[in-house]
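Reckoned from all heavy atoms, side chains included, excluding hydrogens, waters and symmetry mates. This is a predicted model, so every value here is computed, not measured.
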Amino acid sequence: MSILVLLETELVRTSPVGATTDYVEGVRAVHAARPAPESPGDPGEVTLCGTGTGRMRRDPYRASGADAPWYPPEWSTRVCPYCDRAVRA
């Protein structure tokens, strides 16, 4: 199955309470989606877990082989368990 890796992002506060308010974009979850039929480089409308893809960012990661994880290893603690289960099924 061909899948695309998508990052669900969120703003994360980097400054302590009372200081200036600084935020950076962080990754909330890593999802998997099938490519859109009309545009294989773009994800379909929903991930494998059913979450809308509209606000997600595509990650260029591609598994290096059959035994490699479908997601980038640096995001292993952020993988959506529902997408992971669907990919492995």
Side-chain angles (χ1 to χ4, degrees):
M1 162 180 19
S2 176
I3 62 160
L4 301 176
V5 176
L6 300 176
L7 304 177
E8 180 181 357
T9 60
E10 66 182 343
L11 290 179
V12 178
R13 187 181 184 131
T14 60
S15 57
V17 176
T20 59
T21 305
D22 295 322
Y23 292 91
V24 295
E25 186 177 67
V27 173
R28 175 181 292 177
V30 179
H31 294 274
R34 290 185 180 89
E38 66 280 354
S39 181
D42 295 326
E45 293 183 15
V46 296
T47 64
L48 297 182
C49 70
T51 303
T53 61
R55 303 186 115 200
M56 293 188 190
R57 189 172 44 128
R58 181 161 179 230
D59 188 287
Y61 175 81
R62 293 219 184 262
S64 59
D67 293 336
W70 62 266
Y71 51 84
E74 66 266 23
W75 299 121
S76 63
T77 61
R78 305 287 181 162
V79 173
C80 168
Y82 304 105
C83 284
D84 191 43
R85 191 174 309 131
V87 169
R88 295 177 191 282

TODO: Answer yes or no: is there a side-chain heavy-atom contact under 4.5 Å between Arg34 and Leu48?
DONE: yes

Open item on the list: Using a 4.5 Å cut-off between side-chain heavy atoms of Ile, Leu, Val, Met, Phe, Trp and Tyr, which other residues end up in the same hydrophobic cluster as Met56?
Closed with: Leu6

- [ ] Search all heavy atoms of Pro69 against all heavy atoms of Tyr61 and return the closest pair with its distance.
- [x] O-OH, 2.9 Å

TODO: Indicate yes or no: at least one non-hydrogen side-chain atom of Val30 is less than 4.5 angstrom from one of Asp59.
DONE: no

- [ ] Determine yes or no for a side-chain-to-main-chain donor-acceptor pair under 3.5 angstrom, with Arg58 supplying the side chain and Gly41 the backbone.
- [x] yes

Task: Hydrophobic cluster membership, Tyr82 vs Leu4, 4.5 Å side-chain cutoff - done: no

Open item on the list: So which atom in Cys83 and which in Cys49 form the shortest heavy-atom distance, rounded to 0.1 Å?
Closed with: SG-N, 3.6 Å

Open item on the list: I'd like to know if the side chain of Thr9 and the backbone of Gly26 have a donor-acceptor N/O pair within less than 3.5 Å.
Closed with: no

Task: Exercise: identify the closest heavy-atom pair between Ser2 and Pro35 - done: O-CD, 3.3 Å

Open item on the list: Show the nearest heavy-atom pair for residues His31 and Thr47, with the distance to one decimal.
Closed with: CB-CG2, 3.6 Å

- [ ] Calculate, to the nearest 0.5 Å, the distance between atoms CD and OG1 belonging to Glu8 and Thr51 respectively.
- [x] 6.5 Å

- [ ] With sequence neighbours excluded, give me every side-chain hydrogen bond (donor to acceptor under 3.5 Å, both in side chains) pair touching residues 65-77.
- [x] Trp70-Asp84

